[in-house]
Enquirer: 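Sharing a structure here in structure tokens format.
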2 protein chains.
Amino acid sequence: MSSRSRGSIELSADDGLFSDDRTTRARIRDAAIECFAEHGVARTTARKVADSAGVSPGSIIHHFESMEGLRVACDQHVAAVIRRQKQEAMSAGTGIDVLAALREANIGWVAGYLAQVLAEDSPAVALIVDDLVADAEGYLQQGVEAGLVRRTANPRGRAAVATVWSLGALVLHRHLDRMLGVDLTDPGVGTDTAIASYAGPAFEILGGGIFTRDYAAHIQSAFTASQTTNEGTT
Amino acid sequence: MSSRSRGSIELSADDGLFSDDRTTRARIRDAAIECFAEHGVARTTARKVADSAGVSPGSIIHHFESMEGLRVACDQHVAAVIRRQKQEAMSAGTGIDVLAALREANIGWVAGYLAQVLAEDSPAVALIVDDLVADAEGYLQQGVEAGLVRRTANPRGRAAVATVWSLGALVLHRHLDRMLGVDLTDPGVGTDTAIASYAGPAFEILGGGIFTRDYAAHIQSAFTASQTTNEGTT
DNA sequence: CAATAGTCTAAACGTTTGTTCAGCTAGTGA
DNA sequence: TCACTAGCTGAACAAACGTTTAGACTATTG
């Protein structure tokens, strides 16, 4: 039951990140990413990936040495795709929201994959997050210089918290979908009008905060005064 | 390996939510909660729980019918503990931050448990989240009436987003710990001065937002004008 | 052509999983 | 004292897991 399309690798024109892609190794990797995104890492077995890719379980080991190796390869591939997508988005100048750059049509599965693996501690995923935070800090700095973003005494901390909040919403997409009726892991969420039920409150908070100006100043002074007590929220 | 105290859950004298607790069934449940919080749900096996509780694997089935039943019982127990803790905190009037009410000393393991199970779709956990959002909406409404919190056209959406962001930071505690040096699942995080590295930027965003006032108004108008295009971030 | 290396399959391996089962112990009531 | 029930154990169970292995097929090279 081989696909006998040995000669034409470049069948998928806009898919391969590199020229020698879409081999059996690439098909196994893509099937694994799909399984990881859909069922989670723990519930993805070697036989499921093999069936989905149309190969035997032994072929996975032959190409990736072990299931852990397959997992690492998937993480690295997703990281590479994200990095390329960000570079393309950077030249186009989309904006500050790091997730907006990932909502492109052809990489909609990236959101689902990240939602499943962000909670686990993988070195490759940690690199992705670190990159996203660094990029967010850069974007925010550009926004500050353009007069669009407020200055802060802790740019890195602000970028880290904002990015983690954004990614956390991705991880908890089921709860958001249940409460607001929009699934952030849905590939077509960018073109859906229902995204406003999430983006509306989100940008409202990012725009003007939650607290009134007087109370916000009170909290800020409480933080600068004594850092030992973290609850000045009466 | 573990801390000096034999068991963080077992030693709390006022733990039992009901009078007929602390039976073998309760010890199994507490050991399972500890295993779930420490190693995650997928990596928690029946034999690990049995060894941790000092019983045989068969005893787990005898009390909970199956591992899934144990999982449900743990979810429901944690939900009950959170609900009781919130009621106690409500009379004391701690504040808006829903997580602050959960950082009490004797229930520090709740944060670790939630961090592990929030990403999975469990009905009991969904009820916890829904309750947290409803409580947050109530607290925010009280803040609005007290002049501490801004008014909003979408109170429920704002409460949902703020709660999910807060819980998302809990789920991604490893990334926050790596970047900011503070672990939100650490039971003693409330008394640690390092919490400011997270709470500082967090309250800065919740206080005044990220964008400048002019740009925030521009975003808001872009949202009210056309809901089809979600990226007005230039 | 023969030899070699790479690719992939089907079957099987050993381990670990959740669960079952027969039997032991302790407490209770008649 | 006997019978009974609940609690619990330790061994064993089938199923599923990741991985190994022997061999077949294909393409390349001499």
Side-chain angles (χ1 to χ4, degrees), chain A residues 1-11 16 18-36 38-75 77 116-117 120 122 124, chain B residues 7 10 16 18-36 38-75 77 116-117 120 122:
Chain A
M1 302 300 177
S2 60
S3 59
R4 103 172 17 256
S5 64
R6 181 63 175 85
S8 61
I9 305 178
E10 52 277 52
L11 190 136
F18 310 106
S19 60
D20 60 331
D21 214 335
R22 264 299 149 187
T23 56
T24 302
R25 177 187 165 95
R27 282 195 298 127
I28 293 174
R29 183 211 337 108
D30 292 347
I33 290 175
E34 207 163 4
C35 284
F36 287 151
E38 190 171 1
H39 307 104
V41 177
R43 272 169 290 276
T44 294
T45 67
R47 284 169 177 82
K48 278 184 190 170
V49 174
D51 287 349
S52 181
V55 298
S56 69
S59 192
I60 296 176
I61 306 297
H62 176 260
H63 282 288
F64 297 95
E65 195 173 349
S66 67
M67 278 298 283
E68 180 62 25
L70 174 60
R71 166 71 201 286
V72 172
C74 289
D75 281 349
H77 180 71
Q116 293 282 8
V117 304
E120 317 200 6
S122 152
Chain B
E10 293 107 66
F18 310 106
S19 59
D20 59 333
D21 215 334
R22 268 297 140 191
T23 56
T24 302
R25 177 187 165 94
R27 281 195 300 129
I28 292 174
R29 189 224 316 119
D30 292 347
I33 290 176
E34 210 164 3
C35 284
F36 287 151
E38 190 170 1
H39 307 104
V41 177
R43 272 169 289 277
T44 293
T45 66
R47 285 168 178 81
K48 278 184 191 170
V49 174
D51 287 348
S52 181
V55 298
S56 70
S59 191
I60 296 177
I61 307 297
H62 177 259
H63 282 289
F64 297 95
E65 195 173 348
S66 68
M67 278 298 283
E68 181 60 28
L70 174 61
R71 166 71 202 286
V72 172
C74 289
D75 281 349
H77 181 71
Q116 294 282 7
V117 304
E120 317 200 5
S122 152

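These values consider heavy atoms only, across backbone and side chains, with no hydrogens, waters or symmetry-generated copies. Throughout, a chain's letter reflects where its sequence line sits, starting with A, and its residues are numbered from 1.
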Enquirer: Which part of the nucleic acid, if any, lies within contact of B:G54, taking any heavy atom under 4.0 Å across all strands shown: a base, the sugar-phosphate backbone alone, or nothing?
Expert: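 It contacts sugar-phosphate atoms only.
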
Enquirer: Got a second to check how far A:Q116's CD is from A:T44's OG1, nearest 0.5 Å?
Expert: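 Between A:Q116 CD and A:T44 OG1, I get 8.0 Å after rounding to 0.5 Å.
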
Enquirer: If I compare all heavy atoms of B:A42 with all of A:A42, which pair ends up nearest, and what's the gap?
Expert: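 That closest heavy-atom pairing would be CB-CB, 3.4 Å.
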
Enquirer: Rounding to a whole Å, what distance do you find between A:L70:CG and D:dT19:C1'?
Expert: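 In whole Å, D:dT19 C1' and A:L70 CG are 14 Å from each other.
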
Enquirer: Got a sec, which residues hit side-chain contact (heavy atoms from CB on, under 4.5 Å) with A:A32, two or more places apart in sequence or on another chain?
Expert: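 A:A32 satisfies side-chain contact (heavy atoms from CB on, under 4.5 Å) with A:F36, A:V49, A:L70, A:C74 only.
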
Enquirer: Return the NE2 to CD1 distance between A:H77 and A:I33, rounded to the nearest 0.5 Å.
Expert: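 Between A:H77 NE2 and A:I33 CD1, I get 5.0 Å after rounding to 0.5 Å.
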
Enquirer: Side chains of A:S59 and A:I28, heavy atoms from C-beta outward: is any pair under 4.5 Å?
Expert: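 Yes, close enough: below the 4.5 Å cut-off.
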
Enquirer: Which is true for B:T45 with a 4.0 Å heavy-atom rule: it touches a base, it touches only sugar-phosphate, or it touches nothing?
Expert: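 Answer is sugar-phosphate: B:T45 comes under 4.0 Å of backbone atoms only.
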
Enquirer: Who passes side-chain contact (heavy atoms from CB on, under 4.5 Å) against A:E120, sequence neighbours left out?
Expert: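 Result, side-chain contact (heavy atoms from CB on, under 4.5 Å) vs A:E120: A:V41, A:R71, B:R43.
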
Enquirer: Specify the closest pair of heavy atoms between B:A53 and B:R27, including all atoms of both residues, with the distance to one decimal.
Expert: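 Closest approach of B:A53 to B:R27: O-NH1, 2.9 Å.
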
Enquirer: Wobble G-U and Watson-Crick pairs count when both distances are under 3.5 Å; given that, what is the 5' to 3' dot-bracket string of DNA chain C, with | for pairing to other strands?
Expert: ||||||||||||||||||||||||||||||

Enquirer: Give me each pair satisfying salt bridge (Lys or Arg N to Asp or Glu O under 4.0 Å) with a member in residues 44-58 of chain B, each pair once, sequence neighbours excluded.
Expert: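 Matches after skipping sequence neighbours: none remain.
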
Enquirer: For the CZ atom of B:R29 and the OG1 atom of B:T23, what is their distance to the nearest 0.5 Å?
Expert: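 Going from CZ on B:R29 over to OG1 on B:T23, the span is 7.5 Å.
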
Enquirer: What residues from residues 59-68 of chain B pass a heavy-atom cutoff of under 4.0 Å to DNA chain C?
Expert: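 Nucleic-acid contacts, sorted: B:I61, B:S66, B:M67.
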
Enquirer: Look up atom CG in B:D30 and atom OG in B:S52, then write down how far apart they are to the nearest 0.5 Å.
Expert: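 Those atoms lie 10.0 Å apart.
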
Enquirer: In this structure, how many angstroms lie between the P atom of D:dA16 and the NZ atom of A:K48, rounded?
Expert: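 About 11 Å, once rounded to whole Å.
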
Enquirer: Earliest and latest nucleotide of DNA chain C, 5' to 3', sitting under 4.0 Å from a non-hydrogen atom of chain B?
Expert: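 Terminal contacting nucleotides, 5' to 3': C:dT17 to C:dT20.
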
